[in-house]
Structures are given as C-alpha cells and as structure tokens.
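In the text below, chain A, chain B and the rest are named by the order of the sequence lines, each starting its count at 1. None of these values were measured; they are calculated from a predicted model.
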Amino acid sequence: MAEIHLNDLAHSYLAAPTADSDYAIRRMNHVWQQGGAYALLGPSGCGKSTLLNIISGLLAPSEGEVRFDDRVVNRLPPEERNIAQVFQFPVVYDTMTVFDNLAFPLRNQRQPEHKVQSRVREIAQVLELEDLLTRRASNLTADEKQKVSMGRGLVRDDVAAILFDEPLTVIDPHLKWKLRRKLKQIHEQFNITMVYVTHDQLEASTFADKIAVMYEGRIVQFGTPRELFEDPAHTFVGYFIGSPGMNLASITLESQGVRLGTGEDAPLLHLPRALLATLAERKGELKLGIRPEFVELEASDSSSAAAVPDTREHWLSGQVTLVQDLGTYKVVDLDIGGGCLFKARIEEDALLPTGRVRLRLPARWQRFYLDEHLLDLSQAGAPDSGEADSFARGESGGPVRGEDDQRPGGNA
Amino acid sequence: MQRTHNNRAWWLVLPVVIVVAFSAIIPMMTVVNYSVQDIFDPSTRFFVGTEWYREILRDERLHDSLIRQFVYSFAVLAIEIPLGIAVALSMPRKGFMVSLCMILLALPLLIPWNVVGTIWQIIGREDIGLYGWALGQLGIDYNYASNPADAWVTVLVMDVWHWTSLVALLCYSGLRAIPDVYYQAARIDRASPWAVFRYIQLPKLKSVLLIGIMLRFMDSFMIYTEPFVLTGGGPGTTTTFLSQTLTQMAIGQFDLGRAAAFSLIYFLIILLVSWLFYTAMTHQDSDDA
C-alpha cells in the first residue's frame with residue numbers, strides 16, 4: 001500500500017533537452033493517494049503513457065523523483081516496485097493455460113503452491129474466469145485475454161497500485177461497459193490504487209473518482225468529473241471535456257463590456273462594471289468560455305434579418321447556421337459575429353430556433369481565462385452566485401453522458 | 001442456389017497444368033517408369049513390377065547409408081537449432097552492430113557448397129591447414145582422411161559453420177517481431193530471464209523455427225557436395241550419405257531401375273519426416289481442454 005508522489009518530475013526522450021517542447025513530461029508535482037481510482041485523461045501524444053511507464057519503472061525519469069510513501073524508487077526496476085500494469089494490447093503467455101498465466105507472477109515469487117492455488121481461484125472467481133482456467137490462453141477472446149492480464153496484476157498481494165494503459169481499446173463496445181464495471185467493483189473490493197490512462201472522457205468519468213487531464217506533458221487539471229465540467233482550469237480542459245466542448249472566444253475589454261473575437265462585426269457582450277474592472281487588472285490574453293449546455297436561447301423578436309445588438313447584460317445575438325440532432329439532445333451552431341462560432345446544447349424536445357436568436361450567457365457559467373488558465377474571480381463578486389439559475393445540473397445532463405457519446409472537436 | 005457451370009473455365013487452368021506437368025509430373029513419372037522396368041537399351045525393356053523396390057529395401061548398403069543419414073541430420077538439427085537461437089538471442093538489438101552481425105552471419109550462406117568443402121578440406125589438413133595443424137600442435141591426433149570419428153566431426157562442424165547462420169537470422173527476425181509490451185509485462189510479473197525465454201521468446205519463435213527445422217532437415221538429408229569434396233564419403237563408407245549412395249548407383253553403376261526405385265523411397269522419406277515435424281509442431285496449438 002502506498003501513496004505515489006511525483007516530485008519535480010520531468011522526462012525527455014532526448015539526451016540534452018533545452019526547450020520546453022523537448023520534454024514529454026514537463027516539470028510536475030503530483031500525489032496519487034492510496035486507494036484512489038484515478039484516470040489520466042488526454043489526447044494521444046500528451047505524455048500519458050510516458051507518465052505511466054515512469055510510475056511503473058519501465059522508464060527512468062530524466063529529472064525529479066518518484067516516491068512510494070517515503071521510498072524513492074526512481075532507479076528501481078519494475079520488478080522491485082509493488083506495481084502492476086495492464087497494457088493496451090492484452091498480454092498473455094500463449095503456451096500456458098489461464099490458470100498458469102494467473103499463477104505466473106506468484107510462481108516467479110516462489111510462493112508456496114497451496115497459496116498459489118487458493119489465490120488464483122479467488123481472483124478467477126472475481127474476474128469470472130473460473131470456467132476458463134484449464135483453457136490455453138492463446139485461444140481466448142480479446143476481452144478474456146485482457147481479464148487475464150488484469151488478473152496477473154490482482155493475484156499478487158504485494159501490489160500497491162495497478163496502472164491501466166488504455167486497457168479497453170481493443171475490446172468490443174458492449175463488453176467495454178461490463179469490464180469497466182468489473183474494474184470498479186474490484187477497486188472497491190481490494191482497496192488498490194488504480195490509475196487508468198485513457199483518451200475517452202466517458203471512460204475516465206465512469207471509472208475514476210478524480211481525473212487528471214494531461215496536455216502537452218503537463219497535468220493541467222486534477223479534479224472530479226464535475227469540477228472538470230463546471231470549472232475547467234485550462235481552456236484545453238474546457239475544449240476536451242464535454243460534448244461538444246466549451247465555447248471559447250478571445251475577448252478585448254471595453255467600457256461597457258467585452259468584445260468577442262475580431263473584425264468589424266465583433267459583438268459586444270455587456271458585463272457588470274465590477275467584473276470589467278477586475279478583468280482590466282489582468283495582463284495577458286483573455287478568453288471567455290461557456291459550456292454549450294449553459295447557453296440559453298431565445299427567439300429574436302425582430303424576425304427580420306437585421307442584426308440588432310443586444311444591450312442587456314450577458315446577452316448576445318446570433319444566427320443559427322446548423323442544428324445537429326444527436327438523439328437525446330440537439331447541438332445548435334450559432335454565428336455570433338467576430339469570427340466566433342458558438343454552440344448551444346438544447347434538449348431534444350426544446351423548440352427549434354431558426355434564423356436570428358438571442359443568447360443569454362448566464363453569469364454563473366461564464367469563465368474567464370488568462371493565457372489559457374482559469375481566472376479565479378470568486379472574490380471579485382462578478383459571476384454572482386445569487387443569480388437564479390435555471391440550469392441546475394440534473395436538467396442539463398451533467399458531465400456524464402451516454403455510452404456512445406463521442407466528443408466532436410468543435411469549439412469557437 | 002443455382003450455380004452456373006461453364007466448362008470453358010478449364011482453359012484458364014491450362015497454363016498452370018502445363019507448367020506443373022513439365023516441371024514436376026513428367027520428370028516424376030519418368031522416374032516411376034524407370035523404377036518398374038529393367039531397361040537394357042531403348043528397344044530391350046522388361047516390366048519387373050516391384051522387384052527393384054523389394055531389392056532396395058533389403059540392400060544392406062542402403063540400410064547403413066540410411067542410418068548414417070538420419071544420425072547426421074538429427075545431429076545437424078540438434079546442434080544448429082539451439083546454437084542458432086543462442087546466436088540470435090545474443091545479437092544486439094539496435095545500432096550499427098546489427099548490420100555488421102547480419103553481414104558476418106550472411107557470409108557463409110553465400111559460399112557455394114563445393115567451395116565450402118574445399119575450404120574445410122584444406123583448413124583441416126594437418127600439414128598445411130590451420131585447424132588441422134593447430135590441433136596437431138595441441139597434441140590431438142586428428143586426421144579426417146583416415147579416422148572415421150574425425151571425418152564425422154569435420155563434416156558436422158563444416159555444416160554447422162555453413163548453415164547455423166540461416167537459423168540465427170530466421171530467429172533474429174522472429175525475435176525482433178515480438179512487441180516490447182511482452183517484455184514489459186514479463187518484467188512487471190517478475191519473470192526470470194529463463195521464464196522470458198521459455199514463455200515469451202520460444203513460443204513466439206515457433207513459426208520461424210518450424211521453417212528453420214524443415215529447411216535444415218531437408219537440406220541436410222539431401223547433403224551431397226560438401227562431404228563428397230571433403231572426404232569423398234570416406235574413410236571407407238563412414239561419411240557416405242544417401243544422396244552419394246544414390247549417385248554411385250545411378251551414374252557409377254548405371255543401375256537406373258534400382259536408382260529410380262531408391263529415389264522415390266528417398267523422396268517419400270523426406271516427405272514423411274517433414275510432415276511429422278510439421279504436425280508435431282503445429283499440433284500444440286489445439287486446445288487440450
């Protein structure tokens with residue numbers, strides 16, 4: 001049992017890294033608590049697998065240290081760490097039976113045979129592999145093989161953490177769900193730290209209590225699925241989590257509000273003075289973000305095509321360009337001018353907007369980013385928490401969505 | 001379901017039939033033809049049925065030759081397969097040394113058989129040959145021309161020198177094809193180097209080893225040139241293998257009938273043993289559960 005600390009950890013595959021971009025893992029500090037179910041979420045090539053291999057010891061980090069509790073394990077090979085790892089492609093020892101596969105790690109440790117027998121049977125029962133114990137591992141299906149590879153991690157009683165490297169990639173969709181639930185059960189039953197690498201937000205949020213989102217070699221946010229959804233700490237998190245991703249627009253400050261995007265038709269969003277004053281103190285590139293779930297639409301009273309700017313606070317007007325019906329909900333594409341394309345997610349049975357519409361961006365769900373990082377404006381009193389909000393979480397779906405819900409990569 | 005039959009489609013098969021007929025069937029049937037007749041000259045021929053076959057099967061000289069051949073082939077396999085695997089395992093995985101090793105290994109494969117025989121004939125001589133002379137200096141009484149054991153050792157060493165590379169290169173390519181993740185999983189499972197070899201490398205090498213074993217078996221079972229150049233089959237008949245016996249019979253004695261019967265039996269033995277190897281090695285795939 002161990003708490004995994006990453007202290008000032010960095011890794012580069014180059015011999016003499018100089019620029020930030022030479023690093024696969026940029027300097028980071030992180031703690032995985034004992035017994036947690038974590039997901040490491042990020043796009044391909046963001047360093048997820050590198051980080052995992054550093055924790056398991058398959059890779060030695062170029063800088064910083066990895067500690068299991070008080071023990072620095074940087075230079076320890078995987079065999080001397082109490083870690084199990086499950087890989088993307090199931091690894092089984094083809095010539096052995098399922099039983100021998102599961103017994104393999106124990107026999108390598110020279111455990112007494114009666115212990116091996118009882119332990120293997122126990123794990124086989126948990127994984128529902130009992131009927132397959134005498135089968136040759138090469139003849140199993142992909143999901144059975146993956147269960148066997150997980151089982152080899154679970155049989156060892158010295159394992160402090162199990163690392164999963166996109167373990168369900170090669171599994172049939174209908175079996176993914178079953179296996180993921182199995183994993184969750186095992187986690188509850190065995191109190192083992194589990195770190196689950198994936199690029200699928202749905203997989204991450206159904207498996208993990210807390211998700212670490214990785215982007216360009218950094219963990220840009222570490223939080224519960226709800227935190228990632230409501231308060232993305234980085235524009236990338238806003239874009240990557242959610243379906244569709246967060247609406248983002250760069251803004252310039254004016255006396256009445258902020259101007260979104262660029263160009264002559266860039267719309268002005270009227271905002272409270274206090275908020276504008278706070279924003280004015282920050283130096284750097286500012287962005288406004290709002291989740292499509294929280295954008296409220298209202299048919300425009302002027303049915304003519306004339307674009308009348310809305311001067312109410314938090315209101316914009318826009319032109320509907322596309323409505324996508326995604327089954328349980330619809331996504332409305334809105335051209336609000338200034339080169340900004342916003343999306344709004346509306347319920348399936350909601351009235352379909354056409355032509356020009358008005359958009360309300362509830363202050364509570366507006367997020368401001370300075371150089372891509374979330375601005376903490378809580379003391380500025382700007383997004384007033386007192387505002388009556390019809391967008392309670394349950395109504396808008398929340399971060400966890402349907403099984404086949406893949407995130408399209410659209411944002412403003 | 002109604003199928004359409006069009007007999008003209010057979011014309012499409014014709015080119016293949018012609019090629020196979022001239023390359024395999026006709027020569028083979030010629031041999032069969034010889035094996036059932038006693039031919040004195042083109043107009044004087046007698047059908048003798050299975051007489052040649054019965055004679056061949058009783059021939060003491062052939063029995064000895066056949067036993068020698070089996071001993072030789074199995075000795076070749078027993079040495080070259082493990083040695084080839086060992087060489088492949090100890091080869092570097094990356095860097096310029098890989099190319100260097102590959103070239104060095106490929107060199108013996110490029111040398112013609114009779115040149116190999118000549119090389120070893122000279123190098124093994126105790127008066128002017130490096131190995132023969134060195135062994136003499138070490139106080140070992142070595143003479144491949146007069147001592148049957150020495151002749152055997154020399155013929156075997158020559159074959160090992162010539163052909164182990166083939167097995168090694170095959171195994172090396174097989175090893176390279178094993179994904180890294182297997183080794184990583186093995187490390188996490190704390191597998192010993194032996195366990196890695198036994199449960200990952202060897203099983204994954206099975207298909208290339210099958211090819212290696214079959215090739216080396218067939219080749220060594222038909223070996224002719226090298227021992228012929230090196231020892232001429234001697235001393236006595238101690239290194240006279242099947243193909244040399246056959247050649248003596250067919251060309252030396254011009255005994256075409258018996259030689260033809262012998263050829264067919266020879267062919268069937270190779271076919272049978274290869275089939276046995278193949279079945280034995282692929283059989284394990286089935287589930288014994």
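Interface residue B:Ile200: only side-chain heavy atoms are found under 4.5 Å from chain A. Proximity to chain B is limited to the side chain of A:Gln109, based on heavy atoms less than 4.5 angstrom apart. For chain B, the nearby part of A:Val92 is the backbone; its heavy atoms alone come within less than 4.5 Å.
Each of B:Arg198, B:Arg187, B:Lys204 has some count of heavy-atom pairs under 4.5 Å with chain A, and the biggest count is that of B:Arg187. Ranking A:Glu80, A:Arg81, A:Arg156 against chain B, the residue ahead of the rest is A:Arg156, based on heavy-atom pairs under 4.5 Å. Counting heavy-atom pairs closer than 4.5 Å to chain B, the top-ranked of the candidates A:Thr97, A:Asn108, A:Val86, A:Leu106 is A:Asn108.
Checked for salt-bridge contact, B:Lys206 and A:Asp94 miss the test: no charged N lies under 4.0 Å from a carboxylate O.
No more than 12 heavy atoms of other residues, nucleotides or ligands shown are found within 6.0 angstrom of OH on B:Tyr278. At most 12 heavy atoms of other shown residues, nucleotides or ligands fall within 6.0 angstrom of atom OH in B:Tyr131. Heavy-atom contacts from other residues, nucleotides or ligands closer than 6.0 Å to OH of A:Tyr23 number more than 12. Applying the 6.0 Å contact sphere to CZ of B:Arg176 captures more than 12 heavy atoms from other residues, nucleotides or ligands. Heavy-atom neighbours of B:Trp275 CH2 from other residues, nucleotides or ligands within 6.0 Å: at or below the threshold of 12.
Rounding to the nearest 0.5 Å gives a distance of 11.5 Å between CZ of A:Phe87 and OH of B:Tyr182. To the nearest 0.5 angstrom, B:Ser192 atom OG is 13.5 Å from A:Arg107 atom CZ. Atom CG of A:Leu58 sits about 9.5 Å away from atom CG of B:Asp180, to the nearest 0.5 Å. If you take CZ on B:Arg190 and CG on A:Asp158, they are separated by 4.5 Å, rounding to the nearest 0.5 Å.
Residue A:Ile83 comes nearest to B:Ile188 through the heavy atom pair O-CG2, 3.6 Å, listed as atom of the first residue, atom of the second, then distance.
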Please test B:Asp189 against A:Tyr93 for side-chain hydrogen bond (donor to acceptor under 3.5 Å, both in side chains), starting from the C-alpha separation and ending with a verdict. CA-CA 11 Å; B:Asp189 290 338; A:Tyr93 303 106; 2.9 Å; yes

